[in-house]
Amino acid sequence: MSVQDYKSRLSDPASRKMGTFSYLPPMTEDEIRRQVEWIVKNGWNPAIEHTEPEFAAGTYWYMWKLPMFGETDVDTILGELKACHEANPENHVRLIGYDNFTQSQGANMVVYRGAAV
């Protein structure tokens with residue numbers, strides 16, 4: 001088995017990776033649903049953020065509305081993910097699960113990838 005070299009470069013925004021999930025192929029609708037279900041099952045608060053692909057490596061992403069504190073309806077969360085993507089089709093959209101116990105992000109994944117620059 002060999003380790004694959006990812007040609008991720010700052011000079012090429014389309015090649016930049018944004019954490020573990022960005023190295024995987026795009027998730028199917030069913031896989032996205034299962035991730036949202038897992039966040040809800042663990043009692044974490046979902047939040048949605050988005051940014052332009054060229055700024056994805058930065059620490060600042062735009063917040064889509066407010067975090068959905070206490071939201072347990074998976075379809076509502078999926079609807080907000082889709083609404084964010086439709087309103088910002090060129091942007092990366094990520095789902096975050098905030099863990100109240102550790103007071104930190106317990107999950108962070110890019111759900112929709114924007115167009116390559």
Side-chain angles (χ1 to χ4, degrees):
M1 182 163 113
S2 65
V3 177
Q4 182 178 353
D5 179 24
Y6 287 95
K7 304 290 186 195
S8 185
R9 302 288 178 262
L10 288 175
S11 60
D12 180 11
S15 75
R16 295 180 191 157
K17 300 299 181 187
M18 300 137 316
T20 306
F21 279 91
S22 67
Y23 288 91
L24 299 174
M27 289 189 279
T28 65
E29 294 296 320
D30 185 54
E31 290 169 328
I32 294 169
R33 174 175 281 282
R34 288 196 312 249
Q35 292 296 324
V36 173
E37 288 170 348
W38 192 87
I39 286 171
V40 168
K41 182 181 90 172
N42 282 284
W44 295 355
N45 293 303
I48 300 169
E49 296 179 343
H50 63 96
T51 194
E52 298 85 355
E54 61 267 26
F55 301 124
T59 56
Y60 180 79
W61 286 47
Y62 309 109
M63 185 180 293
W64 174 255
K65 302 183 180 180
L66 293 173
M68 294 175 268
F69 296 110
E71 183 60 65
T72 59
D73 183 15
V74 172
D75 290 321
T76 297
I77 298 165
L78 290 170
E80 287 298 326
L81 279 167
K82 243 185 221 292
C84 180
H85 177 59
E86 289 170 358
N88 306 282
E90 300 297 315
N91 287 7
H92 292 322
V93 176
R94 71 181 175 187
L95 173 65
I96 299 170
Y98 287 102
D99 183 347
N100 286 338
F101 182 73
T102 62
Q103 297 184 0
S104 64
Q105 290 184 15
N108 180 337
M109 68 205 75
V110 174
V111 177
Y112 295 107
R113 296 179 183 159
V117 178

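Computed from a predicted model, the values in this text were never measured in an experiment. All residue numbers refer to positions in the sequence shown, counting from 1.
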Atom pair CE (Met27) and CD (Gln35), whose distance is rounded to the nearest 0.5 Å: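 Between Met27 CE and Gln35 CD, I get 5.5 Å after rounding to 0.5 Å.
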Distance in Å, Arg34 CZ paired with Lys41 NZ, rounded so as to fall on 0.5 Å steps: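 Here the interatomic distance stands at 12.5 Å.
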Among Val36, Asn42, Val40, side chain to side chain contact (heavy atoms under 4.5 Å, CB included) partner for Trp38: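 The residue from Val36, Asn42, Val40 that satisfies side chain to side chain contact (heavy atoms under 4.5 Å, CB included) with Trp38 turns out to be Asn42.
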With sequence neighbours excluded, residues passing side-chain contact (heavy atoms from CB on, under 4.5 Å) with Thr76: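 Counting only residues at least two positions away or on another chain, Thr76 forms a side-chain contact (heavy atoms from CB on, under 4.5 Å) with Glu71, Asp73.
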For Asp99, side-chain contact (heavy atoms from CB on, under 4.5 Å) partners two or more places apart: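 Scan of Asp99 (side-chain contact (heavy atoms from CB on, under 4.5 Å), adjacent residues dropped) gives Trp44, Phe101, Thr102.
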Quick check: closest heavy atoms across [X] and [Y], and the distance to 0.1 Å?
X      : Y     : value
Asn100 : Gly43 : ND2-O, 4.5 Å
Ile48  : Leu95 : CG1-CD1, 4.4 Å
Ala56  : Trp61 : O-NE1, 3.4 Å
Asn45  : Gly70 : OD1-N, 2.7 Å

Could you state whether [X] and [Y] fall into the same hydrophobic cluster, counting links through intermediate Ile, Leu, Val, Met, Phe, Trp or Tyr residues with side-chain heavy atoms under 4.5 angstrom apart?
X     : Y     : result
Ile32 : Ile39 : yes
Met68 : Leu81 : yes
Leu78 : Trp64 : yes

Any side-chain heavy-atom pair of Cys84 and Val93 under 4.5 Å: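 In short, these two side chains touch, coming nearer than 4.5 Å.
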Glu86: salt bridge (Lys or Arg N to Asp or Glu O under 4.0 Å) partners, not counting sequence neighbours: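 In terms of salt bridge (Lys or Arg N to Asp or Glu O under 4.0 Å), with neighbours along the sequence ignored, Glu86 is linked to no residue.
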CA sep, side-chain torsions, deciding dist, call: Glu49, Tyr60, side-chain hydrogen bond (donor to acceptor under 3.5 Å, both in side chains): CA-CA 9 Å; Glu49 296 179 343; Tyr60 180 79; over 6 Å; no
Stepwise side-chain contact (heavy atoms from CB on, under 4.5 Å) test for Asn88 and Glu52: CA-CA 9 Å; Asn88 306 282; Glu52 298 85 355; over 6 Å; no
